[in-house]
Amino acid sequence: MGTPSDRDALLVTRVQAGDDSALAAVYDEHAGLVYGLARRVTRDEELARDITQEVFAYLWEKPDRIDLSRGSLRAYLAVLAHRRAVDEVRRHEARSRAETAAGPPEDEAGPETSVVAEAARSWGEKHLSRTLGMLPAEQREAVQLAYYEGLTYVQVARELGIPEGTAKYRLRAALARLRTLLTDEAREAIS
Amino acid sequence: MTDMSPDDEIIALLAEPAVIDPPSALRARTLARATSGRRPGRPVDAARPCDPLAAFDRTVADLDGLLRSLTGPEWDAPAHAEHGRVRDLVAHLAGVERLVLRWLDPHDTVPDLPDHVVATRSVVAELAGTDPRDVARQWHEGARAVADAIATVGDRGRMVAFHDLTISVNQLLVTRTGELWAHAIDICQATGRPLPQLDMERMAMLCDELVAAVPLALAYRGSSVPGRAARVVLTGPAGGAFTVPLALEHKVADPEVIIVADAVGFCQVAVRRLRPDQLDAAIEGDLALGDLVLTSIDALARD
């Protein structure tokens, strides 16, 4: 089956038709991402397991909510997992505040959790495609191919006519830069 | 409505370094939880398959309505390579209903009539001088008599003859519904009308029955593949996901090919109004096996 987006489209079509073996295939391909992301944001294995189950149940029950013209299946699942994980962290924090009379407690999961969660939320709310525009052109180009068009490192390299190592470097550099921008913006939002 | 905005893609970036192998037990729990909320096998917007007799009834009514709308010259329009004009095609159908009534009667002894077209030639000749509207009325009365006879049969699993096939009464209804739909398509094409559509309940029934009949279709063509299976995924409200053995056997093997196709197109292939190579289908796995299934699903069609 042709490109990654063709493969995504076929898997989603099969899920819509009720093919549970397609759901299993999606799980095998993306569960590591969903679980890993949920665990990184929540710092809680049990919650990460619950979130993983919820994300795939949601995909199975509402496959018509996916618009693959706007991103890959992998990105869609990452967004679902992230949103759900951020909601969990917020719920946990709200509970903690309610239970403690003396103001907001120290974040048990460490500062990174809430920063990442807030930042990601903030990004979504503030149209962060602008942030992508702050990357150097060669990094932005690589990111767009990898994440908007779902290409692998190897395919990005081939598409841009550059060595694989260079493609990998550009993507890593772009990711590091995005993280910095994200964290700065999140700090501003929180402070 | 979707859950994504373009900016969400950037959020997804953050996830990439987060990949961790989940606990192995989570897979089964996750899949079980998902499928407890929505049963596998049916599409999200699933149509409820109707009873095969209801499908036949509705298709008879549709064709009757179409025939009543025909004008004088339209009866003489060429409609079918073997049956000829619209009027001759309807006379053929009148002949088919007479034969089916006899095959449904366990006490009747019908001569060996393996060829569907040849079997009705005498009736077509008999009705050649009859006003076509009267031929249509005779066909309709015959079709109604068939429906009434089947309604009183009781056991729809009872095996009956149909030309060179021996099939259940339900399979007979499926084949006949397909035949009437196919000829309605012929008549509409011949007279410049929009092609007739079956409602999704009928389509869903046809999909279920046609997929279930794949082993029989392969056996009829002498191309059974014992010990192997195909996953057939039909898209649209009438569709669903099915694992089909490729021989007449109870044990279903793991599928070696996945065929994904539009449900309506799949049914059109099964009634021979779309060639398998015209069907927009995606085949993953053993391509030859996939082609074999798609080229066999019309084996039980008679038109």
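Per chain, numbering begins at 1; letters A, B, ... match sequence-line order.
Proximity of B:V19 to A:Y35: side-chain heavy atoms (C-beta onward) are nowhere separated by under 4.5 Å. A:L10 has its side chain within reach of B:V260: a pair of non-hydrogen atoms, C-beta onward, lies under 4.5 Å apart. Side chains of B:P23 and A:R49 form a contact here, defined as non-hydrogen atoms less than 4.5 Å apart. In this structure, B:D45 and A:Q16 have side chains that are not in contact, with every pair of non-hydrogen atoms separated by 4.5 Å or more. For the pair B:R38/A:K62, no side-chain contact is recorded, criterion being any heavy-atom separation below 4.5 Å from C-beta on. Counting heavy atoms from C-beta outward, A:F56 and B:L31 have side chains that stay 4.5 Å or more apart. Inter-residue side-chain proximity for A:P63 and B:V44 is flagged as met; some heavy-atom pair is nearer than 4.5 Å.
Against chain A, the residues from residues 224-249 of chain B that qualify, each with a non-hydrogen atom under 4.5 angstrom away, are B:R231, B:V233, B:L234, B:T235, B:G240, B:A241 in number order.
Rounding to the nearest 0.5 angstrom, the gap separating the CG atom in A:D19 from the CD1 atom in B:I258 is 6.5 Å. Separating the CH2 atom in A:W60 from the CZ atom in B:R39 is a distance of 10.5 Å, to the nearest 0.5 Å. A distance of 13.5 Å separates CD in A:Q53 from CZ in B:R27, rounded to the nearest 0.5 Å. Atom OG1 in B:T35 sits 8.0 Å away from atom CG in A:L23 (nearest 0.5 Å).
In B:D155, the CG atom is crowded: over 12 heavy atoms of neighbouring residues, nucleotides or ligands sit closer than 6.0 Å. Counting heavy-atom neighbours within 6.0 Å of A:D28 CG, excluding the residue itself, gives a total above 12. At most 12 heavy atoms of other shown residues, nucleotides or ligands fall within 6.0 angstrom of atom CG in B:D280.
Neither the backbone nor the side chain of A:V55 comes within contact range of chain B; no heavy atoms are under 4.5 Å apart. Residue contact with chain B, scored on non-hydrogen atoms closer than 4.5 Å, involves the backbone and the side chain of A:E54 alike. Looking at B:R42, the atoms closer than 4.5 Å to chain A (heavy atoms on both sides) all sit in the backbone: N, CA, C or O.
Looking at every heavy atom in both residues, A:G32 comes nearest to B:P22 through CA-CD, 3.9 Å.
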